[in-house]
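Any value given below was found using the heavy atoms of this structure, including those in side chains, with hydrogens, waters and symmetry copies removed. Every chain is numbered from 1, with letters handed out A, B, ... down the list of sequences.
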Number of protein chains: 2
Amino acid sequence: MVTYFFFSSPTVSVCVCFSCHRTQMLWPLPQAFTSSTERYPLNPQAFYFGYGRQSAAQQGCSVLDSAFRRYFSLIFPDYTDVGVDALSNLLPVCVLDNLSVSAGQASLKAETVWGALRGLETFSQLVYQNDFGSYFINKTEIEDFPRFQFRGILLDTSRHYLPVQAILKTLDAMAYSKFNVFHWHIVDDPSFPYQSSSFPDLSSKGAFHPMTHIYTQSDVRRVISHARLWGIRVLPEFDSPGHTTSWGKGQPGLLTPCYNGGTPSGTFGPVNPALPSTYQFMARLFKEVSSVFPDSYIHLGGDEVDFSCWKSNPDVRAFMQKMGFGSDFTKLEAFYMENIVNITSALNKTSIVWQDVFDYHERIPKDTVLHIWKGIPAKYQEELSRITKAGMRVLLAAPWYINHISYGQDWRNYYTVQPQNFSGTEEQKKLVIGGEVCMWGEYVDATNLSPRLWPRASAAAERLWSDEKQTSNVDKAFPRLQDFRCKLLRRGIQAEPLYVGHCKHEYQGV
Amino acid sequence: MVTYFFFSSPTVSVCVCFSCHRTQMLWPLPQAFTSSTERYPLNPQAFYFGYGRQSAAQQGCSVLDSAFRRYFSLIFPDYTDVGVDALSNLLPVCVLDNLSVSAGQASLKAETVWGALRGLETFSQLVYQNDFGSYFINKTEIEDFPRFQFRGILLDTSRHYLPVQAILKTLDAMAYSKFNVFHWHIVDDPSFPYQSSSFPDLSSKGAFHPMTHIYTQSDVRRVISHARLWGIRVLPEFDSPGHTTSWGKGQPGLLTPCYNGGTPSGTFGPVNPALPSTYQFMARLFKEVSSVFPDSYIHLGGDEVDFSCWKSNPDVRAFMQKMGFGSDFTKLEAFYMENIVNITSALNKTSIVWQDVFDYHERIPKDTVLHIWKGIPAKYQEELSRITKAGMRVLLAAPWYINHISYGQDWRNYYTVQPQNFSGTEEQKKLVIGGEVCMWGEYVDATNLSPRLWPRASAAAERLWSDEKQTSNVDKAFPRLQDFRCKLLRRGIQAEPLYVGHCKHEYQGV
């Protein structure tokens with residue numbers, strides 16, 4: 001996913017046609033740009049996006065067609081009402097390619113439509129209004145590409161239910177910061193809001209409410225399709241064998257009955273790894289999930305498995321003996337995860353798992369991605385070093401647990417993370433495929449999600465997109481992030497302030 | 001301000017007429033109540049509020065007439081559309097008084113209309129819906145009154161501008177928690193949003209923007225009138241001589257020019273106490289402010305005065321000599337505050353000042369209230385002890401600086417404050433007139449105000465209203481506060497969650 005302005009051999013090219021400063025105010029910072037004080041006025045009445053003649057993508061490409069409309073509204077908010085519908089008549093294929101900006105046209109070239117989306121975002125941030133409200137753009141050339149391919153945000157819809165609208169709004173804001181993966185931690189101990197077509201009881205009995213606090217198949221399709229139009233992948237997580245309390249309500253027999261002395265205590269532990277029915281259930285569930293979520297990756301969890309319930313259960317212990325695991329419950333855990341990974345591999349999915357799995361599972365497939373969440377706040381470098389040394393790809397989340405709040409400008413902590421600054425070879429560094437901002441839901445729902453995410457998550461977004469050397473000074477980043485936060489407000493995102501001050505257009509959503 | 005259900009010799013009585021459990025779910029907890037499992041259905045079509053025959057207040061009392069409408073909508077949100085306008089035909093004066101709840105009527109007696117408002121809030125919280133949506137109320141008797149007369153919230157509209165709508169919404173939510181004072185910290189160093197009719201330059205030059213980031217006289221009247229209808233006083237603060245940077249922009253000559261060596265540095269310090277023009281300006285400004293804000297109290301600030309600029313200025317030093325202050329700048333500060341207090345006293349206002357003033361001003365009038373903000377988090381007891389020993393009334397804010405956020409259930413810290421647990425006589429304890437939740441604005445504007453305030457401020461509200469012995473167990477308070485938070489959501493207040501879980505009606509404001 002690479003975005004270029006004025007670059008050769010693109011396969012997608014977009015012309016931004018208008019009768020065509022503040023490059024330093026882009027967020028995240030592009031890899032290379034030159035800008036001039038020469039500025040061109042933009043006339044919204046005559047402005048349109050079109051496809052280049054040589055472009056592989058042409059009108060009818062739903063991703064770009066709809067992006068043109070969205071970005072017109074974002075660039076010219078005052079013209080939103082008239083703009084969107086009238087615009088379809090103004091979308092000719094651009095007859096010229098490689099025009100210079102000075103000739104009243106900008107061109108955007110990208111290898112993929114997804115890269116073109118990132119370029120449109122950058123373009124939209126270049127446009128500004130003068131004191132009289134007129135729109136301008138400065139002469140600019142930008143070459144850009146992301147530092148990491150995986151730039152994710154995790155939302156937790158189990159500890160609190162998030163209405164679909166809150167998710168969609170988050171996807172919008174993610175695109176503004178060039179995030180490209182929505183990690184949907186959809187179920188967990190407290191509730192199971194995913195309405196499964198194979199196992200409807202999982203949500204009818206395991207959700208907070210069987211009608212108002214669930215995600216229907218239609219809701220899920222809506223989220224995926226909305227995300228796709230913003231160039232965002234949806235990575236579903238169905239975490240097991242731990243974090244599954246809510247699963248047990250709609251699927252009797254799935255969880256391990258815990259024993260107190262010689263009798264069942266009435267409570268349940270992790271998924272029961274000793275029963276064949278467990279794997280039959282998981283195979284059917286993951287078959288459905290693999291089909292509903294088209295992404296080639298799936299997140300299988302595997303974190304924080306408490307062995308005490310397994311240990312208490314005589315049937316589990318008998319299974320351990322039969323399998324020759326002795327009293328090493330990590331072997332049982334590995335056995336379970338191996339089965340789950342095999343199920344999803346057979347469905348042509350690549351697995352992402354929390355780093356715990358690396359510690360107990362020796363035969364983990366080499367294409368599995370380990371998700372680093374331990375070692376907060378500073379020891380995650382050791383984890384990165386240790387796991388990449390084994391040749392495994394990693395995804396960094398530990399320093400970006402953004403649900404942890406504190407007083408003051410904690411975005412600085414997120415900004416100064418150095419994902420590749422650990423002891424290891426160049427080959428090891430390349431195994432860091434990206435990072436993820438995690439918004440766990442203990443204290444977060446739709447009432448406070450947006451102001452806690454934005455613009456704090458945007459600090460991590462720049463770290464994941466931009467060149468590290470060019471963005472090493474957090475004080476220099478401050479005014480640019482303040483400006484970006486005002487842009488978020490202007491776009492209706494409830495982004496909280498970084499410090500004392502104001503935006504020209506304050507949040508009006510009260 | 002005392003509210004009673006079923007109590008003798010009231011001067012205001014309100015009948016709640018319906019063809020007429022969860023008392024434990026009231027927030028803040030009333031002083032005394034008995035409830036029964038006997039419940040009565042409420043029919044919204046036949047429900048109305050009316051005045052008792054003996055009531056001093058009758059139809060035409062704007063505070064109660066409008067409260068009846070508001071509380072009808074709050075109690076029956078499904079009927080809001082039809083209820084409000086149709087209601088005016090359904091507001092007869094209640095012909096009976098002292099009816100028991102079992103006869104299909106509730107009565108509310110209070111000494112003042114303000115007490116009646118608190119009782120209506122309590123009544124509204126008693127009504128609940130069963131699983132089929134029918135409304136019920138249980139047989140209940142309540143006697144109630146506030147522990148402290150002053151239960152305030154400070155909003156800071158200088159570090160960030162808060163749109164009037166955000167203030168009005170905060171006033172609504174304040175009434176739900178029985179707060180009764182809005183301390184409007186309206187101006188400070190960063191901006192001067194108050195549009196003065198006497199000195200329009202103060203906001204046209206000192207506000208973040210002279211049109212969009214100001215409070216006009218009409219805005220201020222709207223806030224005061226909205227607050228009054230909820231029984232909330234508006235306490236304006238015009239803090240000086242420090243915290244006045246923004247004042248200097250529209251009032252040249254007001255601030256002290258700082259010197260570097262023997263020449264002015266171009267920067268300015270606190271208000272210049274050495275010039276007669278300062279006091280002429282202040283007299284005129286406070287005359288206007290005293291007339292615009294009808295409350296009998298006015299907050300004069302007086303905190304955090306930095307002496308370095310005064311020390312650097314030769315004219316100020318000459319004034320010190322002339323006045324015989326030597327090199328004791330606290331005498332200069334006391335001189336200044338004494339002048340300001342005299343100005344407002346002459347305007348028949350009682351002063352509230354930050355506690356700093358106590359430390360330097362020996363001749364402070366005995367009716368002045370000292371506002372305790374130092375000694376966070378635990379040493380404020382010493383401050384309370386020391387200042388009440390001098391016979392001064394105090395207002396406690398130190399442990400309730402709610403802008404300071406941390407991860408987890410920090411509401412517990414606000415709940416367990418004991419405002420009268422300090423070393424001193426009973427007479428000293430009585431000098432604590434109440435407390436205040438302060439939401440300073442460094443990191444807060446309309447994007448995050450509501451979820452940061454609610455329900456965390458409600459924890460302090462119960463401490464200020466309820467009996468301390470009955471509310472000493474924070475774990476017992478937890479489910480009741482969770483329930484109250486869901487009520488806030490139902491009323492459209494963006495109140496954040498206390499922990500994992502859900503509300504029947506989630507926040508829909510996305």
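With sequence neighbours left out, the disulfide (SG to SG under 2.5 Å) criterion links B/Cys486 to B/Cys503. Looking at residues two or more places apart in sequence or on another chain, you find a salt bridge (charged side-chain N to carboxylate O under 4.0 Å, His left out) between B/Arg412 and B/Asp475.
Screening residues 439-452 of chain A for salt bridge (charged side-chain N to carboxylate O under 4.0 Å, His left out), with sequence neighbours left out, gives A/Arg159-A/Glu442, A/Asp445-B/Arg485, A/Arg452-B/Glu496.
Considering only heavy-atom pairs separated by less than 4.5 Å from chain A, the leading option among B/Gln409, B/Gln494, B/His505 is B/Gln494. With chain A as partner, the option from B/Asn403, B/Leu489, B/Val444 having the largest number of non-hydrogen pairs under 4.5 angstrom is B/Asn403. Comparing B/Gly441, B/Ser158, B/Ala495 by heavy-atom pairs within less than 4.5 Å of chain A, the highest count is held by B/Ala495.
What you find for B/Ala446 and A/Tyr507 is that their closest heavy atoms are O-CD2, 4.0 Å. In plain terms, the two heavy atoms of B/Asn448 and A/Pro497 that are nearest each other are ND2-CD, 3.9 Å. Taking both residues in full, the closest heavy atoms of A/Phe208 and B/Gly501 are given as CE1-O, 3.6 Å, listed atom of the first, atom of the second, then distance.
Applying a 4.5 Å heavy-atom cutoff, the residues of residues 184-195 of chain B that approach chain A are B/Pro190.
For a residue to count as touching a neighbouring chain, one of its non-hydrogen atoms must lie under 4.5 Å from one of that chain's; by this rule A/Leu498 touches chain B with the backbone only.
Ring-centre distance between B/Tyr161 and A/His502: not below the 6.0 Å cut-off.
A donor-acceptor contact under 3.5 angstrom links the side chains of B/His213 and A/Glu506, judged on distance only.
Side-chain contact check for B/Val500 versus A/Tyr443: every heavy-atom pair is 4.5 Å or farther apart.
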